[in-house]
Amino acid sequence: MGTSGTSPVDWNALPEFTLENDPDADRSDAPDHVRAAAYSNRLFDASFEAGDSGKYVYLADVEESFFDEMEAERDLEPVDETYASFRDDPDVIALERFEQLPDEFAVDVERTREAAHGDGSSDARSS
């Protein structure tokens with residue numbers, strides 16, 4: 001797993017969330033953690049739904065090889081709305097466990113830490 005910033009993030013220090021609604025519903029104005037859960041459901045076959053809790057990280061970058069593998073192995077195409085949204089702007093992902101984070105993902109350590117400390121500045125879409 002890649003990281004950007006001064007040091008890797010610790011699982012216990014990741015920002016947490018509890019979903020109030022189904023993350024696979026309309027995400028046009030959804031908070032970052034809701035989009036993160038929807039992306040994880042689609043990309044990792046996670047099962048985040050209303051009432052579930054989890055953790056998330058902000059991403060600095062996702063290597064193109066990740067998308068190539070997803071499209072080849074899982075028959076995903078950019079026409080899939082959730083996948084297309086993540087491919088266009090891979091900025092956040094929810095995790096059920098830290099090992100779920102692919103090596104092709106570079107964590108934005110600073111932004112993730114800011115969100116974990118609850119200053120609210122990282123989640124521009126929260127209401």
Side-chain angles (χ1 to χ4, degrees):
M1 168 201 49
T3 59
S4 75
T6 58
S7 65
V9 290
D10 174 30
W11 174 255
N12 294 323
L14 295 180
E16 299 178 353
F17 65 87
T18 299
L19 294 170
E20 294 180 17
N21 300 306
D22 180 6
D24 296 318
D26 180 25
R27 290 174 308 282
S28 58
D29 291 327
D32 290 350
H33 67 275
V34 174
R35 290 185 307 106
Y39 296 155
S40 188
N41 284 352
R42 187 67 181 112
L43 298 172
F44 303 142
D45 292 327
S47 57
F48 289 112
E49 55 188 36
D52 288 345
S53 296
K55 297 189 177 213
Y56 64 101
V57 295
Y58 284 97
L59 303 172
D61 188 43
V62 175
E63 294 176 16
E64 189 63 31
S65 61
F66 173 79
F67 298 111
D68 295 341
E69 289 175 29
M70 289 299 289
E71 291 168 16
E73 293 175 14
R74 307 252 333 263
D75 198 30
L76 284 177
E77 296 186 24
V79 294
D80 175 281
E81 183 181 341
T82 302
Y83 177 67
S85 178
F86 182 79
R87 185 175 171 89
D88 289 345
D89 185 15
D91 65 332
V92 65
I93 193 78
L95 304 169
E96 294 175 314
R97 61 192 181 288
F98 204 61
E99 299 79 27
Q100 192 175 22
L101 194 67
D103 290 337
E104 296 89 355
F105 285 36
V107 174
D108 184 332
V109 175
E110 183 177 327
R111 188 170 179 202
T112 299
R113 285 183 179 156
E114 288 173 2
H117 289 101
D119 69 4
S121 64
S122 292
D123 194 348
R125 298 177 193 213
S126 65
S127 50

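Position 1 is the first residue of the sequence, and the numbers go up from there.
- Of the inter-residue distances, the one linking T112 atom OG1 with H117 atom NE2 reads 11.5 Å to the nearest 0.5 angstrom.
- A heavy-atom distance below 4.5 Å is found between the side chains of S85 and Y39.
- Scanning both residues, S53 and T18, for their nearest heavy atoms gives OG-OG1, 3.0 Å.
- Partners of D88 according to the side chain to side chain donor-acceptor pair (under 3.5 Å) rule, which considers only residues two or more places apart in sequence or in another chain, do not exist here.
- Qualifying salt bridge (Lys or Arg N to Asp or Glu O under 4.0 Å) partners for E96, counting only residues two or more places apart in sequence or in other chains: none.
- Looking only at side-chain heavy atoms (C-beta outward), D45 and R74 come within less than 4.5 Å of each other.
- Partners of S47 by side chain to side chain donor-acceptor pair (under 3.5 Å), not counting sequence neighbours: none found.
- Ring geometry for Y56 versus H33: interplanar angle of 30 to 60°, hence tilted.
- No side-chain heavy atom of E69 sits less than 4.5 Å from a side-chain heavy atom of P102.
- Sorted by first and then second residue, the salt bridge (charged side-chain N to carboxylate O under 4.0 Å, His left out) pairs involving residues 47-60 (not counting sequence neighbours) are E16-K55.
- Taking E71 as the reference, R87 meet the salt bridge (Lys or Arg N to Asp or Glu O under 4.0 Å) condition, with sequence neighbours excluded.
- Side-chain contact between N21 and V34: absent, with no pair of heavy atoms (C-beta onward) separated by less than 4.5 Å.
- Take E99 and apply the salt bridge (Lys or Arg N to Asp or Glu O under 4.0 Å) test, not counting sequence neighbours, and it matches no residue.
- Rounding to the nearest 0.5 angstrom, the gap separating the CD1 atom in I93 from the CG atom in L43 is 5.0 Å.
- The ring pair (Phe, Tyr, Trp, His ring centres under 6.0 Å) test applied to F44 returns no partner, not counting sequence neighbours.
- Residues satisfying the salt bridge (Lys or Arg N to Asp or Glu O under 4.0 Å) criterion with D80, sequence neighbours excluded, are R42.
- Distance check: F86 CZ to F67 CZ gives 5.0 Å after rounding to the nearest 0.5 Å.
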